[in-house]
Every structure is written in C-alpha cells, then in structure tokens.
Amino acid sequence: MSCTEQTFLIIMYVLGCILLLALIVFVIKMIKTLSKVDKTIDDINQKSAKLDGMFDLVDKSADVLNTVSDTAVNYVTGWFLKLVNRKKDKEGDDINE
C-alpha cells in the first residue's frame with residue numbers, strides 16, 4: 001500500500017507542477033493582453049479629447065445661433081405688438097370721440 005500511496009503523491013506533484021506552469025503561462029499572456037488594451041484605451045482617450053474641442057465649438061455656435069434667433073423673435077414680436085396696440089389705440093380714440 002505504501003507503493004500506491006507514493007505513486008499517487010508523485011502523480012499529484014506532477015499534476016500540480018503542470019497546473020502551476022499552465023497558470024504562469026496564462027498570467028503572462030493576460031499581462032500582455034492587458035498592456036495592449038491599455039494602449040488602445042489611451043489612444044481612444046486622446047482621440048476623444050480632440051473631438052471634445054470640436055463638440056465645444058459646435059455647442060458654442062449653437063448657443064450663438066440660439067441667442068440671435070431669440071433676439072430676432074423678440075424684435076419681431078415687439079414690433080408686431082406695437083402695431084397691434086396702435087390699431088387698438090386708434091379704434092379706442094374713434095369710439096371715445
């Protein structure tokens with residue numbers, strides 16, 4: 001029985017060494033893969049930073065156009081209200097006389 005116990009121990013040690021080597025290889029490959037992913041993420045961050053400037057420009061342009069259109073609408077609305085008020089005042093004056 002001692003021979004079979006020693007044989008099982010040797011088999012367990014050999015399988016443990018194989019598993020340890022496989023894990024070491026796996027970890028080394030994972031480190032290489034993660035370094036590639038890190039470089040890719042850095043590249044994407046740089047490209048998105050360049051796009052942020054463009055989006056800020058578009059946002060500022062939209063704000064300027066919005067301000068201009070609001071001013072134009074306010075001017076036209078004010079002009080229209082003055083015109084309507086003049087007509088009401090003239091009609092009111094005609095009724096009072």
Side-chain angles (χ1 to χ4, degrees):
M1 204 140 166
S2 69
C3 183
T4 56
E5 289 177 6
Q6 289 178 354
T7 306
F8 284 130
L9 278 176
I10 291 173
I11 291 172
M12 292 300 284
Y13 288 139
V14 169
L15 290 176
C17 289
I18 292 171
L19 180 63
L20 183 61
L21 289 174
L23 286 174
I24 289 171
V25 170
F26 178 72
V27 168
I28 290 172
K29 287 188 177 188
M30 286 300 296
I31 289 172
K32 288 181 182 178
T33 303
L34 287 176
S35 67
K36 289 179 184 178
V37 169
D38 188 41
K39 288 179 185 177
T40 304
I41 290 174
D42 288 341
D43 187 43
I44 290 171
N45 283 337
Q46 289 175 351
K47 289 180 182 179
S48 69
K50 291 178 183 177
L51 288 175
D52 285 342
M54 185 182 70
F55 288 136
D56 287 340
L57 179 66
V58 170
D59 187 40
K60 288 178 183 177
S61 300
D63 288 342
V64 168
L65 288 174
N66 189 22
T67 303
V68 168
S69 67
D70 285 346
T71 304
V73 167
N74 286 336
Y75 177 74
V76 170
T77 305
W79 178 77
F80 183 74
L81 288 175
K82 286 181 184 178
L83 184 65
V84 170
N85 286 336
R86 284 184 188 170
K87 286 185 180 180
K88 284 184 181 179
D89 288 343
K90 286 182 182 180
E91 288 176 4
D93 290 342
D94 291 340
I95 294 174
N96 290 335
E97 293 179 2

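This chain uses plain numbering: 1 for the first residue, then up along the sequence.
Note: T40 OG1 to N45 CG = 11.0 Å, rounded to the nearest 0.5 Å. Note that the CG atom of L51 and the CG atom of D56 stand 11.0 Å from one another [nearest 0.5 Å]. Distance check: F80 CZ to N85 CG gives 10.0 Å after rounding to the nearest 0.5 Å. Atom CG of residue D38 and atom CD1 of residue I31 lie 13.0 Å apart, to the nearest 0.5 angstrom. Distance check, rounded to the nearest 0.5 Å: CG of L15 to CE of M12 gives 7.0 Å.
F26 belongs to a hydrophobic cluster whose remaining members, ordered by chain and number, are M30; membership requires side-chain heavy atoms of ILVMFWY residues under 4.5 Å apart, directly or through intermediates.
Here K47 pairs with D43 under the salt bridge (Lys or Arg N to Asp or Glu O under 4.0 Å) rule; sequence neighbours left out.
The closest side-chain heavy-atom distance from Y75 to T71 is not below 4.5 Å. S61 has its side chain out of reach of V58: every pair of non-hydrogen atoms, C-beta onward, lies at least 4.5 Å apart.
If you chain together hydrophobic residues whose side chains sit under 4.5 Å apart, L19 and I11 never meet in one group. At a threshold of 4.5 Å between side-chain heavy atoms, the hydrophobic network of Ile, Leu, Val, Met, Phe, Trp and Tyr places I10 and I18 in one connected group.
By the neighbour-count criterion of 12 heavy atoms within 6.0 Å, atom CE of M54 is densely surrounded, having more than that number from other residues, nucleotides or ligands.
When atom types are taken as modelled, the side chain of N66 and the backbone of A62 share no donor-acceptor pair closer than 3.5 angstrom.
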